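Only this structure's heavy atoms are used, side chains among them; waters, hydrogens and symmetry mates stay out. Residue numbering restarts at 1 for every chain, and letters A, B, ... go by the order of the sequence lines. Model, not experiment: these values are computed from the prediction.
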There are 2 protein chains.
Amino acid sequence: MSAQHLAIGDLARGTATQVGTIRYYERIGLLPAPGRTAGNYRAYGPGHLSRLSFIRRSRDLGFSIEQIRALLDLADQRDRPCEAVDAIARAHRDEVDRKIADLRALRGELDGMIAGCHSGSIAECRIIETLSP
Amino acid sequence: MSAQHLAIGDLARGTATQVGTIRYYERIGLLPAPGRTAGNYRAYGPGHLSRLSFIRRSRDLGFSIEQIRALLDLADQRDRPCEAVDAIARAHRDEVDRKIADLRALRGELDGMIAGCHSGSIAECRIIETLSP
DNA sequence: TGTGGAGCCTGCAGCAACTATAGGGTCAAG
DNA sequence: CTTGACCCTATAGTTGCTGCAGGCTCCACA
């Protein structure tokens, strides 16, 4: 493939994405279908590379496919206010915060059990209570 | 249904779980099958309620069904030898620590992104910028 | 010129953990 | 004794991939 166009494998290496995943993103309409070579190979341009990087980075940060779709749509409307973007990011951050707090509580309980074991006594297991209402 | 026993819908409301999900947990052996009324309705007790709460919170925290199964075994068998409890609890604590570290890193990134958003237009939106390559 | 192997193609099956639907039975209030 | 909310089973669909089968394309090396 020429220097102008990237094969799917090049795109995969350039974004640490599996080839199958790229085809999946195309199928669900998240990544636009690229042109094809004479031999029916997908031929990607630099736009595809940056769009896929955006998608992968967002997925890594825990955004869902639908959230990413919304973010990509918003990213295209350059003269609109970015409040909607901010709202998606904030909602996601708040959820992450909640999870951290819960995990810390669970960690404390597990720690207590381990400490109990060390002192030779049989730990009274409260892990269920820790995460119960 | 009497005050002693909860119908599946009550349990669902009490744990913010869908009715179908409760039946699914029963099918895979995560939640013990309750007794039945004369009309073949499931009749749950308080033990089911706290066990299901635990399952839901744990799922929310990113534990797999199989991990929760192990965690519940740990909670159920408090008269096991100390070393077994200790080993399982340690493995789970390490995993919880990893999850907390991952989420904190993620939160930091989200936070930086959000802090940079000055409610301007999308063209100058820091969030989109951060997610772009 | 041809051949080997890496890489590409499509389509479909499967994974975890649900979620929804169809087609029916139960229960309590009015 | 009907009505509507609730329950039952069984089965199929969802999300976000991942892997496979069976076949085509490309290019370097002999």
Using a strict 4.0 Å threshold on nitrogen-to-oxygen distance, state whether A:Asp86 and A:Arg90 make a salt bridge. yes

Stepwise side chain to side chain contact (heavy atoms under 4.5 Å, CB included) test for A:Thr37 and A:His5: CA-CA 9 Å; A:Thr37 66; A:His5 296 295; over 6 Å; no

Taking atom P of C:dA6 as reference, at what distance in whole Å does atom CZ of A:Arg13 sit? 13 Å

Between A:Tyr25 and A:Arg56, do the side chains contain an N or O donor and an N or O acceptor separated by less than 3.5 Å? yes

Could you tell me the separation between the CG atom of A:Asn40 and the C1' atom of C:dG7, rounded to a whole number of Å? 14 Å

Could you tell me which residues satisfy salt bridge (Lys or Arg N to Asp or Glu O under 4.0 Å) with A:Arg107, sequence neighbours excluded, listed by chain and number? A:Asp111, B:Asp97

Whole-Å gap separating C1' (C:dT10) and CD (A:Glu26): 12 Å

A:Glu95/A:Arg98 ion pair, N-O < 4.0 Å: no

CZ of A:Arg36 versus P of D:dT25: gap in Å, rounded? 13 Å

Looking at A:Arg42, I'd like to know whether one of its side-chain N or O atoms comes within less than 4.0 Å of OP1 or OP2 on C:dC8. no

How long is the line joining CD1 of B:Ile8 and P of C:dT26, in whole Å? 17 Å

Could you walk me through whether B:Glu109 and A:Arg93 pass the salt bridge (Lys or Arg N to Asp or Glu O under 4.0 Å) check? CA-CA 9 Å; B:Glu109 295 218 47; A:Arg93 184 192 54 180; over 6 Å; no

B:Asp10 CG to D:dA5 P: how many Å, rounded? 16 Å

Starting at CG of B:Leu52 and ending at P of C:dC18, how long is that distance when rounded to a whole Å? 10 Å

Run the salt bridge (Lys or Arg N to Asp or Glu O under 4.0 Å) test against B:Arg23 and tell me which residues pass, sequence neighbours left out. none

Evaluation steps, side chain to side chain contact (heavy atoms under 4.5 Å, CB included), between A:Leu11 and A:Thr17: CA-CA 8 Å; A:Leu11 199 65; A:Thr17 308; over 6 Å; no

Could you tell me whether the side chain of A:Tyr44 reaches within less than 4.5 Å of the side chain of A:Leu52, counting heavy atoms only? no

What's touching nucleotides 21-24 of chain D from the protein side, N or O pairs under 3.5 Å?
none

Going by the rule salt bridge (Lys or Arg N to Asp or Glu O under 4.0 Å), which residues pair with B:Arg13 if we only count those two or more places apart in sequence or in a different chain? B:Asp10

Quick one: B:Leu6 CG to D:dC7 C1', roughly how many Å, whole number? 15 Å

Just report the end-to-end axis angle for the helix from C:dT1-D:dA30 to C:dG30-D:dC1, five pairs per end, to 10 degrees. 20°

Go nucleotide by nucleotide along DNA chain D from the 5' end; which of A:Ala38 and A:Arg23 gets its closest nucleotide reached first? A:Arg23

Interatomic distance, A:Leu49 atom CG to A:Leu6 atom CG [nearest 0.5 angstrom]: 6.5 Å

Output one line per pair: protein atom, nucleotide atom from nucleotides 15-18 of chain D, and distance, for all N/O pairs under 3.5 Å.
{"from": "D:dG16", "atom 1": "OP1", "to": "A:Ile65", "atom 2": "N", "distance (Å)": "3.4"}
{"from": "D:dG16", "atom 1": "O3'", "to": "A:Arg59", "atom 2": "NH2", "distance (Å)": "3.4"}
{"from": "D:dC17", "atom 1": "OP2", "to": "A:Tyr25", "atom 2": "OH", "distance (Å)": "3.0"}
{"from": "D:dC17", "atom 1": "OP2", "to": "A:Arg59", "atom 2": "NE", "distance (Å)": "2.7"}
{"from": "D:dT18", "atom 1": "OP2", "to": "A:Thr21", "atom 2": "OG1", "distance (Å)": "2.8"}

